[in-house]
*Asks:* 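This is the structure I have questions about; it appears just below.
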Amino acid sequence: MLVQLGLNRSSVFLRPSVVSRSACVSRQLAKRYQSTVKTSFDEELQILRAQRKNRPISPHLTIYEPQMTWYLSSLHRISGVMLGAAFYCLTIAFGVSTLFGLGLNTENLTRWYKEKFPTWFDWTAKAGVAYLFAFHIGNGVRHLVWDLGKEVTNRGVIRTGWAVLAFSAVAGTAFLFK
């Protein structure tokens, strides 16, 4: 068939007339022939809502197998927010107390804490802060290693994840009993 059309020579494809004809054909194929109807804004919103009702729902997390990286990423963010919020609350409380002379200092805060909270709550709070702090430090170092371009393969990510969990267990226990 190429011979009948005279397209069996390579020079045919390089001629400008062939290129311009093919561009013209592709432009015609690319046109979208559709009719439009003038609508008001409210009618457009109704059409959009009707179209959204027919769209499939994204499968989201229900079809995926949970992975360690999900949990560690979520825990890293949560630990950062919790530790940061505690730090800022204490810093603001001490700053406001100093400005207005309210008498909040570490000795008064320690005495109030020891009087009001039972021992089991004290150990629970210390453990929570110690393990979250250790985890956040370990995962921060993990991210710095990734920034260097190291351990970014699937095996490396899983290996560093287990290393962070082991570090968190050891360092958190050390922080707790210090």
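Everything numeric in this text was worked out from a predicted model, so none of it was measured. The chain is numbered in sequence order, starting from 1.
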*Asks:* When you measure from the side chain of N139 to the backbone of R142, do you find a donor-acceptor pair of N or O atoms at a distance under 3.5 Å?
*Replies:*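 Judged by distance alone, no pair lies under 3.5 Å.
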*Asks:* Can you tell if the side chain of L132 reaches within under 4.5 Å of the side chain of L75, non-hydrogen atoms only?
*Replies:*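 Result yes, sub-4.5 Å side-chain heavy-atom pair found.
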*Asks:* What distance do F177 atom CZ and T173 atom OG1 have between them, rounded to the nearest 0.5 Å?
*Replies:*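 Answer for the CZ-OG1 pair, F177 versus T173, is 6.5 Å.
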*Asks:* Please report the closest heavy-atom contact between L176 and A127, naming both atoms and the distance.
*Replies:*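 Looks like CD1-N, 3.5 Å.
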*Asks:* Around atom CZ of R55, are there more than 12 heavy atoms of other residues, nucleotides or ligands at under 6.0 Å?
*Replies:*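 More than 12 heavy atoms, drawn from other residues, nucleotides or ligands, come within 6.0 Å of this atom.
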*Asks:* State plainly whether one hydrophobic cluster holds both I78 and V81, where clusters connect Ile, Leu, Val, Met, Phe, Trp and Tyr through side-chain heavy atoms under 4.5 angstrom apart.
*Replies:*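 No, it is not one cluster - the side chains of I78 and V81 are not joined through contacts under 4.5 Å.
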*Asks:* Give the ring-plane orientation class for H76 versus F135, where under 30° counts as parallel, over 60° as perpendicular and anything between as tilted.
*Replies:*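 Perpendicular: the ring planes of H76 and F135 meet at over 60°.
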*Asks:* Which atoms form the tightest heavy-atom contact between A171 and A134, and what is the distance?
*Replies:*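 So the minimum-distance heavy-atom pair works out to CB-CB, 3.8 Å.
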*Asks:* Output the distance between atom OG1 (T106) and atom CZ (R111), rounded to the nearest 0.5 Å.
*Replies:*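 Between T106 OG1 and R111 CZ, I get 10.5 Å after rounding to 0.5 Å.
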*Asks:* Would you give the length of the straight line joining atom CD of E65 to atom CH2 of W70, rounded to the nearest 0.5 angstrom?
*Replies:*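 E65 atom CD to W70 atom CH2 measures 8.5 Å (nearest 0.5 Å).
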*Asks:* For K38 and E43, work out which heavy atoms get closest and say how close.
*Replies:*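 Looking at all heavy atoms of both residues, the shortest contact is O-OE1, 4.4 Å.
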*Asks:* Does a donor on one side chain sit under 3.5 Å from an acceptor on the other, for S79 and Y131?
*Replies:*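 No - no donor-acceptor pair under 3.5 Å links their side chains.
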*Asks:* Grouping I, L, V, M, F, W and Y whenever their side-chain heavy atoms are under 4.5 Å apart, do I158 and V164 come out in a common cluster?
*Replies:*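 Yes, because I158 and V164 connect within a single hydrophobic cluster, where side-chain heavy atoms sit under 4.5 Å apart.
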*Asks:* To the nearest 0.5 angstrom, please state how far the CZ atom of R52 sits from the CD1 atom of I47.
*Replies:*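 Going from CZ on R52 over to CD1 on I47, the span is 12.5 Å.
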*Asks:* By the rule that ILVMFWY residues connect when side-chain heavy atoms come within less than 4.5 angstrom, directly or transitively, which residues belong alongside F94?
*Replies:*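 Reading the cluster by chain and number, F94 sits alongside L90, L104, L109, W112, Y113, F117, W120, F121.
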*Asks:* Is the distance between the ring centroids of W162 and F167 under 6.0 Å?
*Replies:*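 No, the ring centres sit 6.0 Å or more apart.
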*Asks:* Any non-hydrogen side-chain atom of K114 less than 4.5 Å from a side-chain atom of D122?
*Replies:*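 A side-chain contact under 4.5 Å exists here.
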*Asks:* Does a sphere of radius 6.0 Å around CG in D147 hold more than 12 heavy atoms from other residues, nucleotides or ligands, not counting ones at 6.0 Å or beyond?
*Replies:*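 Buried by this count: over 12 neighbours within 6.0 Å.
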*Asks:* Side chains of M68 and V157, heavy atoms from C-beta outward: is any pair under 4.5 Å?
*Replies:*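 Answer no - side chains too far apart.
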*Asks:* For G172 and A130, work out which heavy atoms get closest and say how close.
*Replies:*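 Heavy atoms only, the tightest pair is O-CB, 3.6 Å.
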*Asks:* Go through L72 and L165 one step at a time and tell me if the side-chain contact (heavy atoms from CB on, under 4.5 Å) criterion holds.
*Replies:* CA-CA 9 Å; L72 295 184; L165 290 176; 3.8 Å; yes
*Asks:* Count I, L, V, M, F, W, Y as connected when their side-chain heavy atoms are under 4.5 Å apart, and connections chain through other members. Are I92 and L102 then in the same cluster?
*Replies:*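 Yes, because I92 and L102 connect within a single hydrophobic cluster, where side-chain heavy atoms sit under 4.5 Å apart.
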